[in-house]
Number of protein chains: 2
Amino acid sequence: MTAAMSHYDALDFGTIDQGTTSAPDHEGANLSVRELTRLLHIDYPDEAWLARTAFALRRVREGEALIRAGDKFHSLYIVRSGCFKTVYTDFSGSEQVLGFPMCGDLMGADGIDGGHYSSTAVSLDTSEVVIVPLASLARLVSECPSLEALLYRVLSRELVRVQNMAWTLGTLGAEGRVAAFLLSMSARLGALGYSRCSFNLRMTRQEIGSYLGLKLETVSRALSALNTAGIIQVHQRSIDIVDAAALRGVIDPAAGAPEGIVPHPGSAAAPGGVKDGRCARKPRSQVPPGRAWRELAAA
Amino acid sequence: MTAAMSHYDALDFGTIDQGTTSAPDHEGANLSVRELTRLLHIDYPDEAWLARTAFALRRVREGEALIRAGDKFHSLYIVRSGCFKTVYTDFSGSEQVLGFPMCGDLMGADGIDGGHYSSTAVSLDTSEVVIVPLASLARLVSECPSLEALLYRVLSRELVRVQNMAWTLGTLGAEGRVAAFLLSMSARLGALGYSRCSFNLRMTRQEIGSYLGLKLETVSRALSALNTAGIIQVHQRSIDIVDAAALRGVIDPAAGAPEGIVPHPGSAAAPGGVKDGRCARKPRSQVPPGRAWRELAAA
DNA sequence: CGGTAAGTTGAATCTAGTCAAGAAACGTGG
DNA sequence: CCACGTTTCTTGACTAGATTCAACTTACCG
């Protein structure tokens with residue numbers, strides 16, 4: 001484990017004092033796995049083990065790149081606070097935003113296969129991430145195999161998210177995309193305990209547009225249109241959702257969306273729903289720490 | 001393992017005769033893991049173990065649905081031959097195509113997190129898939145932990161693929177999308193040993209359009225345009241790529257595309273792949289999990 | 001041979017992009 | 001606290017590109 005440690009990882013994985021239960025907030029501190037599972041909204045069985053293990057944290061300033069496309073893959077990251085954007089940068093300079101990872105979201109998984117990250121992750125404000133170094137995963141998993149199920153699930157969740165994104169880009173017009181974006185933000189922030197109907201965006205119109213495959217002017221127009229329609233209230237980056245149902249109606253004039261594009265907060269999620277991928281996490285019954293896949297199979 | 005077996009899985013995981021080296025071709029037959037790794041284009045170290053393990057196969061007729069969105073997640077599938085489409089179906093009837101899994105591609109991974117598949121997989125011709133039942137993964141992995149690295153990588157690869165798709169939809173116009181699609185097909189078929197410049201599409205214009213976020217007429221027009229430009233030669237579903245460079249130029253007028261829009265995994269796996277020639281550990285003694293990540297770390 | 005599904009092509013429409021100007025917010029330094 | 005420049009956002013007029021509607025051709029399958 002010591003071998004493959006990179007300079008800035010500040011890896012400090014290992015056993016920590018039993019007393020240290022709550023997660024510290026300063027740079028270089030550790031985060032317990034218990035906190036991690038809470039962050040990911042995935043229940044985790046091995047309570048005893050949880051208290052003994054921790055991950056390093058890292059603070060990332062606004063505008064700073066945590067991951068750069070092309071860098072050698074060495075760690076996964078989970079956002080603990082703040083907000084990022086992940087981008088492809090074609091070397092003519094222009095960016096394509098792929099996502100806005102927020103609290104509980106995974107970053108860096110695209111580097112597993114190729115051995116190099118394929119996208120860049122830039123912080124949109126002062127953020128904090130949990131570092132999960134590749135080098136320590138081996139040890140982690142050997143100490144608590146059921147951790148693997150967690151990783152599989154996080155990867156799967158990310159996959160579903162990106163698929164939903166492809167759906168949005170493929171089928172919706174400008175207003176629909178913006179509406180979907182707002183509802184998504186609403187649900188994600190709601191799941192984190194913030195207000196679902198009133199929040200502040202952290203990203204520019206340019207970045208939203210890039211994410212949605214639109215130009216910034218179009219985003220602005222769409223927001224204005226929704227505003228004058230009385231569905232939302234926009235003032236710069238502050239958003240108030242006045243009529244969430246109407247907003248969903250914009251996406252899906254004929255009742256079409258395959259259930260989870262727009263995360264319905266707390267919906268019972270009919271079987272088959274794609275689900276939000278963030279809120280409706282089904283509580284897993286206490287399973288003895290065993291093989292990852294056996295756990296998944298039990299569900 | 002017997003418990004969670006579904007009726008049609010015909011799961012027959014386990015030890016097979018040493019003599020049975022080559023993969024059988026008929027329904028219900030088994031596929032060795034050696035063949036599986038070959039299929040996935042991922043190198044795999046444990047030669048001894050490879051020969052002793054096998055997966056069930058299933059034949060899927062044209063138009064038949066292998067997976068239905070909403071079904072309970074029970075298995076992963078890897079395409080062995082033929083071609084599928086994966087779709088979201090909004091209950092107003094219209095489909096959105098998410099991908100065209102072909103030989104070596106994974107299907108069903110979107111069901112891991114939520115416990116239910118989120119998309120439907122329909123065969124576009126008579127296909128054959130490798131069934132990887134959830135219930136047997138636990139056992140599989142315990143017998144040869146390095147198999148996990150393989151799964152992580154396949155998931156990661158799929159993630160990158162969908163991200164590239166999002167990029168395509170977000171930034172390219174109609175012709176660019178069609179060009180990217182053709183190049184992607186070309187590369188994928190090439191990696192499978194078929195001709196890179198002359199092939200037959202298995203999907204309709206409608207399906208291509210749905211996949212690319214375009215209408216069928218637009219796809220047709222784009223193909224015609226590329227045809228009259230002398231870049232390709234189209235006749236119904238038969239495609240001949242006359243000038244691949246020009247085709248790339250359509251995507252990227254100003255030399256922009258990020259590394260791998262087209263490249264489908266499989267071919268020349270990026271530097272730093274899971275090589276790790278040694279792992280000749282006898283699988284009989286329970287190897288602690290975690291080897292998977294250690295292997296990835298070794299790259 | 002006839003019926004159906006798939007593909008091509010044309011003309012009109014509409015959506016989002018482009019170009020351009022101006023307004024509002026933010027940060028910095030006086 | 002205010003003046004200033006910069007960035008971000010909004011809005012309008014015009015254009016390019018994709019969709020829509022529709023006719024027609026071609027392949028496919030009994």
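First the proteins, then the strands, lettered A, B, ... as listed; each starts at 1.
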Worksheet entry | A:Leu223 CG to D:dT11 P, straight-line distance once rounded to whole Å | 10 Å
Worksheet, complete the sentence: Taken to the nearest whole Å, CG/A:Asn227 to P/D:dC9 is 15 Å
Worksheet entry | Ring centres under 6.0 angstrom apart (A:Phe100, A:Tyr211) | yes
Item to complete: Figure out the CD/C1' separation between A:Gln236 and D:dT7, and round it to whole Å.
Response: 11 Å
Worksheet entry | Selection from C:dG17, C:dA6, D:dT11 that lies nearest to any side-chain heavy atom of A:Thr218 | C:dG17
Practice prompt. Round to the nearest Å and state the distance from A:Met203 atom CE to D:dC9 atom P.
Written response: 11 Å
Worksheet item: What is the distance, rounded to the nearest whole Å, between atom CD of A:Glu217 and atom P of C:dG17?
Response: 8 Å
Worksheet item: A:Gly176 near the nucleic acid: base, sugar-phosphate alone, or nothing, with a heavy-atom cut-off under 4.0 Å?
Response: nothing
Worksheet item: Which whole-number value in Å describes the distance from A:Ile239 CD1 to D:dC9 P?
Response: 10 Å
Worksheet item: How many Å lie between CG on B:Leu172 and C1' on C:dG17, as a whole number?
Response: 15 Å
Worksheet entry | Presence of A:Ser224 side-chain N/O under 4.0 Å of D:dT11 phosphate oxygens OP1/OP2 | yes
Discussion item. What's the closest nucleotide to the side chain of A:His235 if the choices are C:dA24, D:dT20, C:dA16?
Written reply: C:dA24
Discussion item. Is there, by distance only and without an angle test, a donor paired with an acceptor across the side chain of B:Arg221 and the base of D:dT20 below 3.5 Å?
Written reply: yes
Practice prompt. Measure the shortest side-chain to side-chain distance between B:Leu183 and B:Arg248 over non-hydrogen atoms and say whether it is less than 4.5 angstrom.
Written response: yes
Discussion item. Counting only side-chain heavy atoms from C-beta out, which of C:dG7, D:dT10, D:dT19 sits nearest to A:Arg205?
Written reply: D:dT10
Worksheet, complete the sentence: Exactly one candidate in A:Arg188, A:Lys85, A:Arg161 meets salt bridge (Lys or Arg N to Asp or Glu O under 4.0 Å) with A:Asp105; the answer is A:Arg188
Discussion item. With no hydrogens and no angle check, just 3.5 Å: does a side-chain donor-acceptor pair link B:Asp240 and B:Ser198?
Written reply: yes
Discussion item. So which atom in A:Val234 and which in A:Ile239 form the shortest heavy-atom distance, rounded to 0.1 Å?
Written reply: CG1-CD1, 3.9 Å
Worksheet item: Between C:dA6, D:dA22, D:dT8, which one does the side chain of B:Arg237 approach most closely?
Response: C:dA6
Practice prompt. Quick one: label B:Gly209 by what it contacts on the DNA or RNA (base, sugar-phosphate, nothing), any heavy atom closer than 4.0 Å.
Written response: nothing
Practice prompt. Please report, rounded to the nearest Å, how far the P atom of D:dC21 is from the NZ atom of B:Lys215.
Written response: 10 Å
